[in-house]
Amino acid sequence: MDLPIRVPDILAIAVYLSAMVAAGFYFARKNETTEAYFVGNRNFPGWVLGLSMLGTIISSATFLALPAAAYVLDWRQLSVNLVLPFVAILAVVVFIPFFRRGGLTTAFEYLGRRYGALPRLYGTFSFILMQLIRMAQILFLVSLPIQFLTGAPITLVIVGCGLFIAFYTIAGGIEAVVWTDVLQAVILMVGGLLCFLLIAWDLPGGFRQILEVGAENDKFSLSSFEWNLSERTFWTVAILGIINWLAIYGGDQNMVQRYAAAPSTREARKATLIYSALALPLWIMFF
């Protein structure tokens, strides 16, 4: 059977995977203390942490699920992300100083200090459970194109990808996570932009045709602005977005650990603003 994958594709993937493994080994040798393993001795510049946040939030769901949502319906799911700048301001003013003030390493240390061991364990377990569900979705989505390209069984692809990612992140600690996220964020942004430009280039009418066909089929609609909580209107999706981003900025370990890894509150704020400024235009492009 002829497979869509070509030799240059295989070489590019092999180089990328080798770089990830090398990063895991490299940073594993540098981690001599718990502080270094979990927060990188709090020495990451704001721009690095901002790109790392972006690399964490962009995934196979961004590439596959967002365009699919726009194709099936319209841009109503974008409303979840339109509220991001407002919650980011709240994070800069309230959440970041709060977590930085206590010198925390994880989002759950505060629960332990304030309420005791049981709430801390509950918060930790809940976060791990939600991450397992999230990673299951991401691994499944990324495995679909890999299966299509290689013909390998999807179960094997999922297990292989999961073990590979677990290896270099667990071995290298937060430094491996942050720096590989930076590389991945650049690759994903450039790759997504190239995909978009190539699509527009191949169309007879170019970018104008995308706008015309999208407008004719009402694909740029943010749904109804009627106040109806039983339907997926602009307001219900926006409310969902506020709840989602408050949870992420105000207690998600992926974000809080990056707040803690910055050398100062100013750099942590810079990271959050850089991430927020890049993420929204990127999501709009994928929609």
Quiz item: Quick one: are the ring centres of F98 and Y110 less than 6.0 Å apart?
Solution: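 Yes; Y110 has its ring centre under 6.0 Å from that of F98.
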
Atom of [X], atom of [Y] and distance for their closest heavy-atom approach:
X    : Y    : result
S143 : V157 : OG-CG1, 3.5 Å
R232 : S223 : O-OG, 3.1 Å
F108 : G123 : CE2-O, 3.3 Å
V142 : I146 : O-CG1, 3.3 Å
A268 : R100 : CB-CD, 4.4 Å
N254 : R258 : O-NH1, 2.6 Å

Quiz item: Ion pair present between R134 and D252, side-chain N to carboxylate O less than 4.0 angstrom?
Solution: no

Practice problem: Kindly work out whether a path of hydrophobic side-chain contacts (I/L/V/M/F/W/Y, heavy atoms less than 4.5 Å apart) joins F95 to V93. | Solution: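 Yes: a chain of side-chain contacts under 4.5 Å links F95 to V93.
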
Practice problem: State yes or no: do I154 and L141 share one hydrophobic cluster built from I, L, V, M, F, W and Y residues joined by side-chain heavy-atom distances below 4.5 Å, directly or via other members? | Solution: yes

[X] side, atom [atom1]; [Y] side, atom [atom2] - distance, nearest 0.5 Å:
X    : Y    : atom1 : atom2 : result
I96  : T265 : CD1   : OG1   : 8.0 Å
Q253 : I128 : CD    : CD1   : 10.0 Å
W75  : F287 : CH2   : CZ    : 8.5 Å
W235 : N228 : CH2   : CG    : 13.5 Å
K270 : W47  : NZ    : CH2   : 10.5 Å
N43  : E175 : CG    : CD    : 8.5 Å

Quiz item: Aromatic rings Y259 and F99: how do their planes relate, parallel, tilted or perpendicular, breaks at 30° and 60°?
Solution: tilted

Can you confirm whether [X] sits close enough to [Y] that some side-chain heavy atom of one is under 4.5 Å from a side-chain heavy atom of the other?
X    : Y    : result
L51  : M189 : yes
L73  : Y71  : no
N244 : V87  : no
E267 : L49  : no
I174 : F27  : no
Y249 : T272 : yes
D9   : L149 : no
D74  : L222 : no

Verify the neighbour count for atom [atom1] of [X]: are there more than 12 heavy atoms of other residues, nucleotides or ligands below 6.0 Å?
X    : atom1 : answer
F140 : CZ    : no
R113 : CZ    : yes
F38  : CZ    : no
F220 : CZ    : yes
F25  : CZ    : no
F63  : CZ    : yes

Quiz item: Does a side chain donor of either D181 or T56 reach within less than 3.5 Å of an acceptor in the other side chain?
Solution: yes

Practice problem: State whether the side chain of W179 and the backbone N or O of V48 hold a donor-acceptor pair below 3.5 Å, judged by distance alone. | Solution: no

Self-check item: Test item: Y37 side-chain N/O and I170 main-chain N/O as donor-acceptor pair under 3.5 Å
Solution: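 Yes; at least one donor-acceptor contact below 3.5 Å.
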
